[in-house]
Amino acid sequence: MTLVLWMVAALAHNAVGQSLSYGIDPVRDSLAFVQFNKHMDSIRVHRPTVALVLSGGGAKGAAHVSVIRYLEDVGIPIDLVLGTSIGGLVGGLHACGYTGQELEDIIRSQDWNYLMRDTHPRRYDALLQKNYDRQYQLSVPFGSYQWDFLGNEQRTERSTRSLLSNGIVQGRNIQNLFSSLLVGYGDDIDFFQLPIPFVCVATDMVTAQPKIWHSGNLVKALRSTMSIPGLFTPVKTNGMVLVDGSLRNNMPAGIARQLGADIIITVDISAPALNAKQINSLIDFIFQTTDVLGRESYNAALATTDIYIQPDMSDYSLLSFDAESIDSILVRGRKAVMAHAGEIQVLKEMLNDTMTYQTGKKAINMRSRPIILKNIVFNGINSKEEEYLRKRLKLHTVILKHQIDDAVATMMGTKAFEQVTYELLGEETPFTLQFNCFRSPINQLDAGARFDAYDFASLQLHAGFNANQLMGSRWDFTARLGLKSCLSIGYTYRTGEGIDFGGEGSFQAIRNGAFRSEPYDFRIDFNRGRLDGYVSFAPWKQLNLQLGMRMDYFYRVSMLVDYGLTAGTWSDIDKSNIYASAFARLRSDSFNDPYFPTQGLVYAFDYNLYLPGWLHDSPTLHAMQLSFKGAFSKKRLTLMPFLETRHISDDIVPYINMLSISDANKSLDQQISFVGISTPVAARRMLGTAGLTARFQAAPKHFIYATFQLLNESDNIRQYFDKEQSETYMAIALEYAYKTLFGPIKANIHWSDINKSVGFYLGLGYDF
């Protein structure tokens, strides 16, 4: 049957020529096999031909690298490399000229936790987006990017996707890694023309047939061969839906024989089939499924192999990518190949001629070598958006991998795209950098909930229309329910220069707002209405400057006071008033995690000028506030220094200095955190606090905190540094936190010499 197929292919030779094969086409594939066999015949004149076959097995593929290094050391020529899944990845890089040592360096230097997910560093997110992400447990995007919310203006059609959204990981980061390692081979090519001829195998879910990649797009081939069903999204191309090749052929030794290999060296890192007691998780089930589907081809490969190398991988899984496991897997791979040293030596003597008969340039690794660009292309966006991105990204013609990675992360940080991949096209310098942009749904619904010992339960809902777009109009609607209820509506227009013009109106109702002002305890219910107008500069970055005008209306609904002090003691000025103000805000947030950071800085500066009250006269008020937080880690210990200071020129009740135990317990914008108190406390006009938190990560999701904090206050700046006219307080807290999908669970005990008593705090959920 194979001979007949080859004859048909030969007859079709004039019709199809040397064109590349994209789908599953037996005639075209067989023709390619016939042509490559001629190449193998030319080698066979001098010596037998040798193929290296690398099986799939996830992280255990590090053992393949050890085998390659050993074969290089002893001088075994490889005429053909074939692989499936991780075997395809390692084999594809080796076929493009990477030595065993270089492959080992690549494997050791990767952040596999990052590569196996679709994340990007949080520091690239716009500050506005960070504020949303830290408040909501649930986000539901919806709506296509085809019209503008205000003007119903038609937009460009959403770009056609090459990836489906039915896997846990879409594989953006690992696909971009392939692109950076295979510069010079980014175009559609014949894999038989690589420095070492190469074949990898994927599985087409439409036809249930193996896709034998011997030509086409090499990056796409590598991405498809490792698409474990349920973990990675399939690759959709040319009518195929491609997943991991292990479903049909995890060890393609039979293909090596069809391609003319006389001697086949096979490295098998697959694990034995699981028994009933061992199938206990999703990973176990996926593994067993692929094993069952590919068992027939696996048994055939064993019969075809000449030198069979099987490292002991019994202690490792598909996802054992931690540094310690990789080190051990490399060692076991070396031991396994050395156990066959006698066979390999016999093979070397039989070959006699160790010359390789394939030539080709080595792929460029962008991590260590810059490349020159002749052009930058954006697919999937319109011309105005392209102009916007070019201004924001500021890419140069000489570029390194980390600069492209920064550009991708910056684009992802806008939330306008759910996927951004890149290709480097061209066979030699200068190259074309092509970004492939896949749009996010344009609108967003968010929901967050929290509980704590002081405010009890709170729920916050948000709807953002046109929220995920680069430019134009955006509407935001937010509602919070609880003791601090709030309703707000905001509108923002972003220009092509990346400047935001916006406004927001809100109404807030605070009920049971307890605080202490020595020696009295108060419980106040009040309402606040607010109108803001502002302009924001550099809103796409982690640093944001905002200038604006504000109108505040405060109305005290009721007040209860301990110690017999009557409400009449407070004047009408403090009961209700309208205040106009101008403000300037500078914000920066480079924390890598909003709640459990290990690195980064957060700082803010606020200046507010409050004009005399409109309903009741009040003094002009200047208020300045500065805050800083840092995170510095070494292994499981993180040190987080912090400081915050605020000065107001006079006492106006809605804007007085206040202390609260955490950011989640603020009734007023200006409240400053002080860990040693239970009830918010009114403070003097000049306030400064500094402290240090030491956090120890006891387990992946378990954290223990110890905080020491000092606070100093006075009536003005001059007195602040006078011990006789200022007061200093100390606070300590011990806290346990557990990281959950719904936000951190926090429980602490605290003490300060403000109230001279031990308090307890319990909180669950994100802060808002």
Side-chain angles (χ1 to χ4, degrees), residues 2 21 24 29-30 32-37 39-40 43 48-57 60-61 63-65 67-68 71-72 76-98 100 103 182 185 189-203 209-216 218 220-226 242 244-270 294 297-310 337 347 356-358 360:
T2 301
S21 177
I24 297 177
D29 291 346
S30 296
F33 279 35
V34 170
Q35 294 298 314
F36 186 73
N37 268 271
H39 168 71
M40 298 293 264
I43 299 174
T49 57
V50 181
L52 176 63
V53 177
L54 307 175
S55 80
K60 296 174 287 184
H64 292 323
V65 176
V67 174
I68 290 172
L71 295 178
E72 287 177 334
I76 300 296
I78 302 299
D79 303 304
L80 174 65
V81 177
L82 305 94
T84 297
S85 197
I86 190 69
L89 307 189
V90 174
L93 292 177
H94 185 48
C96 288
Y98 285 93
L103 292 173
L182 299 173
Y185 292 107
I189 57 172
D190 182 350
F191 298 176
F192 293 146
Q193 300 303 315
L194 295 173
I196 302 175
F198 172 66
V199 169
C200 67
V201 181
T203 302
Q209 296 298 313
K211 164 59 180 174
I212 301 172
W213 283 99
H214 57 81
S215 64
L218 181 57
K220 189 177 293 185
L222 298 185
R223 171 64 182 82
S224 68
T225 189
M226 48 73 69
L242 299 177
D244 197 295
S246 60
L247 272 68
R248 292 306 310 268
N249 196 340
N250 193 43
M251 208 160 63
I255 298 175
R257 192 70 75 190
Q258 293 177 33
L259 286 167
D262 299 315
I263 307 297
I264 298 176
I265 303 172
T266 298
V267 186
D268 181 10
I269 57 170
S270 61
S297 64
Y298 175 82
N299 292 333
L302 289 177
T304 305
T305 294
D306 297 294
I307 299 178
Y308 178 68
I309 302 170
Q310 187 179 37
V337 68
L347 172 60
T356 57
Y357 292 90
Q358 189 72 21

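Heavy atoms only: backbone and side chains are in, while hydrogens, waters and symmetry mates are out.
A search for ring pair (Phe, Tyr, Trp, His ring centres under 6.0 Å) contacts involving F192 returns F36, H214, not counting sequence neighbours. Not counting sequence neighbours, D29 has no partner by the salt bridge (charged side-chain N to carboxylate O under 4.0 Å, His left out) test. Contacts of A221 classified as side chain to side chain contact (heavy atoms under 4.5 Å, CB included), with partners at least two apart in sequence or in another chain: F191, C200, W213. Applying the side chain to side chain contact (heavy atoms under 4.5 Å, CB included) criterion to S55, with sequence neighbours excluded, gives H64, N250, M251, D268, I269. Partners of P195 by side chain to side chain contact (heavy atoms under 4.5 Å, CB included), not counting sequence neighbours, listed by chain and number: Y185.
L54 has its side chain out of reach of T84: every pair of non-hydrogen atoms, C-beta onward, lies at least 4.5 Å apart. Between V201 and R248, the closest side-chain pair of non-hydrogen atoms is not below 4.5 Å. Put simply, the side chain of L103 reaches to within 4.5 Å of the side chain of V90, judged on heavy atoms. Residues L71 and I78 meet the side-chain proximity criterion, which asks for heavy atoms closer than 4.5 Å. Considering only heavy atoms from C-beta on, D79 stays 4.5 Å or farther from L52 through its side chain. Side-chain contact between I212 and V199 is present, with heavy atoms from C-beta onward closer than 4.5 Å. With a 4.5 Å cut-off on side-chain heavy atoms, P210 and I24 do not count as touching.
In this structure, T203 contributes its side chain and D244 its backbone to a donor-acceptor pair below 3.5 Å. The main-chain N or O of G360 is never found under 3.5 Å from a side-chain atom of Q193 such that the two would form a donor-acceptor pair. Put simply, the side chain of S215 never gets that close to the backbone of D190: no donor and acceptor are under 3.5 Å apart. In this structure, the side chain of T49 engages the main chain of D262 through a donor-acceptor pair within 3.5 Å. Panel note: side chain N249, backbone I255; no donor-acceptor pair is recorded below 3.5 Å.
In this structure, I263 CD1 and D306 CG are separated by 4.5 Å, a value rounded to the nearest 0.5 Å. Between the OG1 atom of T305 and the CD atom of Q310 there is a distance of 11.0 Å, given to the nearest 0.5 Å. Put simply, CD1 on I307 and CD1 on I265 are 4.5 Å apart, with the number rounded to the nearest 0.5 Å. In this structure, OG1 in T304 is found 6.0 Å from CD1 in I264, a value given to the nearest 0.5 Å. How far CG of L222 is from CG of L182: 6.0 Å, rounded to the nearest 0.5 Å.
Summarising the geometry of G56 relative to S85, their closest heavy-atom pair is CA-CB, 3.8 Å, with the distance given to 0.1 Å. Heavy atoms only, all atoms of each residue included: L218 and C96 are closest at CD2-SG, 3.5 Å. Scanning both residues, G100 and V65, for their nearest heavy atoms gives O-CG1, 3.4 Å. Considering every non-hydrogen atom in both L82 and P252, the closest pair reads CD2-O, 3.8 Å. Nearest approach of V50 to P77, heavy atoms of both residues: CB-O, 3.4 Å.
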**OP:** Evaluate side chain to side chain contact (heavy atoms under 4.5 Å, CB included) for T266 paired with I309, printing each intermediate quantity in order.
**Re:** CA-CA 6 Å; T266 298; I309 302 170; over 6 Å; no
**OP:** Let me see the working for V267 and Y308 under side chain to side chain contact (heavy atoms under 4.5 Å, CB included), right down to the final yes or no.
**Re:** CA-CA 6 Å; V267 186; Y308 178 68; over 6 Å; no
Original post:
When you look at L89 and T225, which way does the side chain to side chain contact (heavy atoms under 4.5 Å, CB included) test go after all the steps?
Top reply: CA-CA 8 Å; L89 307 189; T225 189; 4.3 Å; yes
**OP:** Tell me, with the steps shown, if L93 and F198 meet side chain to side chain contact (heavy atoms under 4.5 Å, CB included).
**Re:** CA-CA 10 Å; L93 292 177; F198 172 66; over 6 Å; no
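A side-chain hydrogen bond (donor to acceptor under 3.5 Å, both in side chains) check over residues 88-97, counting only residues at least two apart or in different chains, returns nothing.
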